[in-house]
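If you read the sequence from its start, that first residue is 1, and numbering goes on from there. As the structure is a prediction and not an experimental result, all values here were calculated from the model.
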Amino acid sequence: MADIREITDFSAPELDIFARLKESRLTNWECEERGIFIAESPKVIGRAMAAGYEPVSFLMERRHVESQGKALLAQCGAVPVFTAEEPVLAQMTGFHLTRGMLCAMKRRELPTVEQVCAGARRVVVLERVMNPTNVGAIFRSAAALGMDAVLLTPECSDPLYRRCTRVSMGTVFQIPWTYLPERNWTDKLHELGFRTAAMALREDSVRLGDPRLLAEERLAIAMGTEGDGLADSSIEGCDYTVCIPMSHGVDSLNVAAASAVAFYQLGQVQK
């Protein structure tokens, strides 16, 4: 049975993870040496729990204890549940809670690149994509449009940041992901049997609909940081440079929008 606790003292240290600590500090919070993250909204929290992530504590509007949160809390045993009215929670956290609910959850040890790629035919590579909204949107498109896994360079925004998980609608818990080595990730993927396709605007780019891309047995689709795109060295290390045909003089798309177009086209492979 959940341990319901009415908030009476904003300064209580157990509320620090919701109200006073930045997400970068939560990553190193003492929790089995792996840190914690904050999941927001019942759907995101539910998908995280279904994937095996363990709740540490909840913060929710009082009314949700017996409504949207009831089924989640029934699975959690005596986990602390801090409650108050919505204006109090918004004042404490500094933002409006989506669906009136947050959950602090234990991080898990990430799989290796080899484990994530085992059996995968289409994987996504994100290089230095630092906007958490874009990372979350890319995960959602990857899960929906036929990608088997997501691989990130260390400079990318953390997929478990609150905004990432919320924008992804919890799909960060449904599609395998991990981090790549800091350097020469193209070599790593080649070692694992992938051909690599860099999404970039270059004179030697092939069009997204090129039949050679769909014919590849295993293909890694690489997308770079907002504005600058992929590093030149990464593009040079890829087997293909691929562009999305555009009209009306538009020269590029936001990386999240471009990912949806690329995944729809390149995910259409016989499985």
Side-chain angles (χ1 to χ4, degrees), residues 37 39-41 43-44 46-48 50-51 98 111 113 116-117 119-153 155-180 185 189 194-201 205-210 213-214 216 218-230 234 238 240-246 250-271:
F37 66 95
E40 181 181 3
S41 86
K43 178 172 285 188
V44 172
R47 286 181 171 172
T98 302
V113 175
V116 165
C117 290
R121 298 186 65 184
R122 292 292 183 266
V123 301
V124 181
V125 175
L126 300 184
E127 182 181 89
R128 296 180 298 140
V129 180
M130 292 172 277
N131 184 305
T133 298
N134 283 338
V135 172
I138 292 169
F139 264 87
R140 189 173 182 181
S141 293
L145 299 172
M147 300 297 107
D148 299 314
V150 179
L151 303 170
L152 306 96
T153 63
E155 307 92 341
C156 286
S157 180
D158 183 353
L160 295 185
Y161 276 179
R162 180 182 63 87
R163 185 176 294 275
C164 280
T165 61
R166 179 168 59 82
V167 172
S168 80
M169 294 298 289
T171 54
V172 296
F173 308 114
Q174 296 178 306
I175 184 169
W177 64 273
T178 196
Y179 288 102
L180 285 160
W185 57 260
L189 289 170
F194 285 90
R195 300 274 280 176
T196 49
M199 301 298 300
L201 296 171
S205 295
V206 299
R207 288 185 166 240
L208 187 62
D210 192 297
L213 297 171
L214 289 179
E216 292 292 354
R218 308 185 84 191
L219 185 68
I221 304 153
M223 317 196 80
T225 186
E226 301 87 348
D228 294 334
L230 290 163
S234 298
C238 285
Y240 300 96
T241 305
V242 184
C243 69
I244 298 173
M246 286 176 271
V250 177
D251 61 355
S252 65
L253 293 173
N254 165 273
V255 65
S259 74
V261 176
F263 301 162
Y264 177 79
Q265 178 67 38
L266 298 178
Q268 299 183 50
V269 58
Q270 295 291 327
K271 292 192 176 184

Validation row: Thr225, Glu155 side chains within 4.5 angstrom (heavy atoms): no

Considering all heavy atoms, the nearest Asn254-Asn134 contact: ND2-OD1, 3.4 Å

Spacing of Met223 atom CE and Ser259 atom OG [to the nearest 0.5 Å]: 5.5 Å

Heavy-atom pair with the smallest gap, counting every atom of Leu145 and Ala260: CD1-O, 3.4 Å

Donor-acceptor contact present, side-chain Thr165 to main-chain Ala39, <3.5 Å: no

Gap between atom CZ of Arg140 and atom CD of Gln174 - 0.5 Å precision: 10.5 Å

Approximate separation, where rounding is to 0.5 Å, of Leu201 CG and Met246 CE: 5.0 Å

Evaluation steps, side-chain contact (heavy atoms from CB on, under 4.5 Å), between Leu126 and Ile138: CA-CA 9 Å; Leu126 300 184; Ile138 292 169; 3.9 Å; yes

Steps toward side-chain contact (heavy atoms from CB on, under 4.5 Å) verdict (Val124, Phe139): CA-CA 9 Å; Val124 181; Phe139 264 87; over 6 Å; no

Min side-chain heavy-atom separation Val135-Arg163 under 4.5 Å: no

Shortest non-hydrogen contact between Glu226 and Met130, atoms and distance: OE1-N, 3.4 Å

Test side-chain contact (heavy atoms from CB on, under 4.5 Å) applied to Cys117 and Leu151, step by step: CA-CA 9 Å; Cys117 290; Leu151 303 170; 3.9 Å; yes

Any donor-acceptor pair under 3.5 Å from Thr153 side chain to Arg128 backbone: yes

Exercise: identify the closest heavy-atom pair between Ala143 and Thr171: CB-CB, 3.8 Å

CG on Leu213 to CG on Leu208, rounded to 0.5 Å: 7.0 Å

Under 3.5 Å donor-acceptor, Asp148 side chain and Val123 backbone: no

Heavy-atom donor-acceptor pair, Arg162 side chain to Glu40 backbone, under 3.5 Å: no

Shortest non-hydrogen separation from Pro159 to Val172 and the atoms involved: O-CG1, 3.8 Å

Side chain to side chain donor-acceptor pair (under 3.5 Å) partners for Arg195, two or more places apart: Glu216, Asp239

Minimal non-hydrogen separation, Cys238 against Trp185, with atom names: SG-CH2, 4.0 Å

Pair Leu160-Phe173, side-chain contact (heavy atoms from CB on, under 4.5 Å): steps then yes or no: CA-CA 9 Å; Leu160 295 185; Phe173 308 114; 3.6 Å; yes

Straight-line distance of Met199 CE to Tyr240 OH, nearest 0.5 Å: 14.0 Å

From Ser141 atom OG to Ile175 atom CD1, the distance as rounded to the nearest 0.5 Å: 10.0 Å

Non-hydrogen side-chain atoms of Ser157 and Cys164 separated by less than 4.5 Å: yes

Met169 backbone acceptor or donor facing Arg47 side chain under 3.5 Å: yes

Over 12 non-hydrogen atoms of neighbours within 6.0 angstrom of CZ in Arg218: yes

